[in-house]
Amino acid sequence: MRRSGCDDEAEQDLAGSYSPKGEGKFFFTMMVAFAELERDMIVERARAGLEAAKAQGRTPGRPSVVNEDVIAAAKARKVRGESVTAIAKALGVSRATLYRHIG
């Protein structure tokens, strides 16, 4: 049985490589524009949220384990000659944290 010319055209459209023309190119361009708009809106909302949090005195990120009292105690122990490893173990922080704060 021989196929009609209409079916052959449909198969060629599906089997061929994509080359943007006409409505397809317009649709793709519009989808890209909407995606960029959505991304820009997300970035704008994130910045506004961070600024609002900053205005309320909140800082983003993980809370610090070390406060001024811990730093003062660590510095006093280091002056007395204790090792950083011993100080870190006694205060319950890592050596890297102590090196970051007391050098």
Side-chain angles (χ1 to χ4, degrees):
M1 218 178 192
R2 182 156 167 89
R3 294 183 177 174
S4 67
C6 192
D7 289 336
D8 288 339
E9 287 179 21
E11 281 183 18
Q12 287 175 357
D13 286 344
L14 294 175
S17 63
Y18 175 70
S19 59
K21 295 178 185 171
E23 296 92 18
K25 187 174 184 179
F26 173 74
F27 178 75
F28 183 74
T29 303
M30 290 305 296
M31 294 306 293
V32 168
F34 282 126
E36 287 180 6
L37 175 66
E38 182 65 24
R39 183 181 184 283
D40 290 342
M41 289 171 54
I42 290 170
V43 168
E44 186 178 326
R45 285 192 301 261
R47 284 190 184 139
L50 287 172
E51 287 174 9
K54 191 174 183 180
Q56 295 174 359
R58 293 182 288 165
T59 56
R62 186 175 177 158
S64 179
V65 178
V66 180
N67 56 26
E68 296 299 321
D69 295 335
V70 173
I71 294 172
K75 285 181 180 179
R77 286 174 172 233
K78 189 167 184 179
V79 168
R80 288 191 305 236
E82 279 189 60
S83 69
V84 174
T85 304
I87 298 169
K89 193 171 187 178
L91 297 176
V93 296
S94 70
R95 289 182 317 157
T97 300
L98 283 182
Y99 281 121
R100 188 177 317 118
H101 290 284
I102 65 171

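Residue numbers count from 1 along this sequence.
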Measure across Lys78 and Ile87 and return the closest heavy-atom pair with its distance rounded to 0.1 Å. N-CD1, 3.7 Å
For Arg58, what residues pass the salt bridge (charged side-chain N to carboxylate O under 4.0 Å, His left out) criterion, not counting sequence neighbours? none
Passes side chain to side chain contact (heavy atoms under 4.5 Å, CB included), Arg80 versus Arg77? Steps please. CA-CA 5 Å; Arg80 288 191 305 236; Arg77 286 174 172 233; 3.1 Å; yes
For Thr29 and Lys25, indicate whether the former's side chain and the latter's backbone hold a donor-acceptor pair under 3.5 Å. yes
Inter-residue atom distance Thr85.OG1 - Arg95.CZ, 0.5 Å rounding: 4.5 Å
So does Gln56 have more than 12 non-hydrogen atoms from other groups sitting under 6.0 Å from CD? yes
Does the side chain of Val66 come within less than 4.5 Å of Thr97's, by heavy atoms? yes
If hydrophobic clusters are built by linking Ile, Leu, Val, Met, Phe, Trp and Tyr wherever their side-chain heavy atoms come under 4.5 Å apart, do Phe26 and Phe34 end up in the same one? yes
Mind checking the OG1-NZ spacing from Thr59 to Lys54? Nearest 0.5 Å is all I need. 10.5 Å
Spacing of Leu98 atom CG and Arg100 atom CZ [to the nearest 0.5 Å]: 9.5 Å
Please identify each residue that fulfils salt bridge (charged side-chain N to carboxylate O under 4.0 Å, His left out) with Arg45, with sequence neighbours left out. Glu38
